[in-house]
Protein chains: 2
Amino acid sequence: MPVRKSLADLNCSLAKALDVVGDGWSMLILRDLFIGVQRFQDIANSTGVARNTLTERLNRLVGAGLVVRTGTEHRPLYALSDMGYDLMPALVAMMQWGDRWYADGKPPMVIEDHKGREVPVVKLTTAKGKDLDLRKLAVKPGPGAEAMTKAWLDTVIRR
Amino acid sequence: MPVRKSLADLNCSLAKALDVVGDGWSMLILRDLFIGVQRFQDIANSTGVARNTLTERLNRLVGAGLVVRTGTEHRPLYALSDMGYDLMPALVAMMQWGDRWYADGKPPMVIEDHKGREVPVVKLTTAKGKDLDLRKLAVKPGPGAEAMTKAWLDTVIRR
DNA sequence: CTGTATCCTTAAAGATACTG
DNA sequence: CAGTATCTTTAAGGATACAG
């Protein structure tokens, strides 16, 4: 059964993020809002989501705080909130990854700044802007991890 | 019915990316591999995925090229490929977003470089490293978009 | 330990029709 | 146009048992 456990209890920020946008549609809807698509019907057309699914998703995203509903009650407009915009670096990074590995050199979408310049590839860098070698990074339990989590990770990460 | 249409035909790199990692588990599995968890059983424990689901996901990720299987046939080790590592900026950006909006100041996971310095927040910047105002960006059909896609977007984005 | 093979459940997603 | 309300389907996810 698709009784997806809520990931929220995994004590991982990624899991919590995925609880909100970890389905196939949410990110596409957010992409649409990022692009500037604002209407229910247009999102439905652009993405291909079923209307009831779209209703459910929009309600969830509004409830979670990523999306704000404006306009009249009869003709709402949807837009990203600060929280929603704050996710865009992640979304753009995924899109760029798709560009690199699937679009074979010709990205169907380009993100540009207000001067029409293409936004560079999202990277992990040092505080000074130097590129980091991804293979040399370490992901560790942080201050928010309880002792139990740390012990758990010690068990799980054997080298 | 969860007859998720394949998103791949949406002519969007994001959709293609989501086709591979757009489910709840894949990103968590990739996170584990990024952390250094290498064994089937450990991934299962760490994430809570059912074993058959994990099998399916790992096979899919290996097939898609994000994960490589090493070690003996009886006791495989799983690791990120170049393609998998290349997705880490997106994954890290999502994790950081979760930190900011859900972990209330105490991120349970911290990404560090080889010197133990915390990796800064992933951002969209100009080529020169200057922060970009997300609200001033534009997402446009690029060279990879067929004329039809462009026309479609014109229809869908009304301002 | 790493799977594979069933079986079962359910909830997610689509289709459709209808309302304000 | 923006939903809501059903109805139906189906495949994803879990549990379990078994195999190499």
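Convention: sequence-line order gives letters A, B, ...; per-chain numbering from 1.
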Residues B/Arg135 and A/Asp82 bridged, charged N to O under 4.0 Å: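 A salt bridge is present here (some side-chain N lies under 4.0 Å from a carboxylate O).
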Following the transitive rule for hydrophobic clusters with a side-chain heavy-atom cut-off under 4.5 Å over Ile, Leu, Val, Met, Phe, Trp and Tyr, establish whether [X] and [Y] coincide in one cluster.
| X | Y | result |
| --- | --- | --- |
| B/Val68 | B/Met88 | no |
| B/Val119 | B/Val110 | no |
| B/Met83 | B/Leu80 | yes |
| B/Val122 | B/Tyr102 | yes |

When you get a sec, tell me which of [options] is the closest nucleotide to the side chain of [X]?
| X | options | answer |
| --- | --- | --- |
| A/Asn59 | D/dT4, C/dG3, D/dG14 | D/dT4 |
| A/Phe40 | C/dG3, C/dG14, D/dG3 | D/dG3 |
| A/Asn52 | C/dT6, D/dA2, D/dT6 | D/dT6 |
| B/Arg57 | C/dT2, D/dA12, D/dG3 | D/dA12 |
| A/Arg75 | D/dC1, D/dG3, D/dG14 | D/dC1 |

Modelled atom types, side-chain donor and acceptor of B/Asp32 and B/Ser46, under 3.5 Å: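 Short answer, yes.
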Close side-chain approach of A/Thr70 and A/Gln38, heavy atoms under 4.5 Å: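 They are not in side-chain contact.
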For atom [atom1] of [X] and atom [atom2] of [N], their distance in whole Å:
| X | N | atom1 | atom2 | answer |
| --- | --- | --- | --- | --- |
| A/Asp23 | C/dA11 | CG | P | 16 Å |
| B/Glu56 | D/dA11 | CD | P | 13 Å |
| A/Glu73 | D/dG3 | CD | P | 9 Å |
| A/Leu58 | D/dT4 | CG | P | 10 Å |
| A/Leu54 | D/dC1 | CG | P | 13 Å |
| A/Leu77 | D/dA2 | CG | C1' | 12 Å |

Enumerate the protein-to-nucleotides 18-20 of chain D contacts in which both atoms are nitrogen or oxygen and the separation is below 3.5 Å.
none

Check whether any side-chain N or O of [X] sits under 4.0 Å from OP1 or OP2 of [N], and answer yes or no.
| X | N | result |
| --- | --- | --- |
| B/Thr55 | C/dT2 | no |
| A/Arg60 | C/dA12 | no |
| A/Tyr78 | D/dC1 | no |

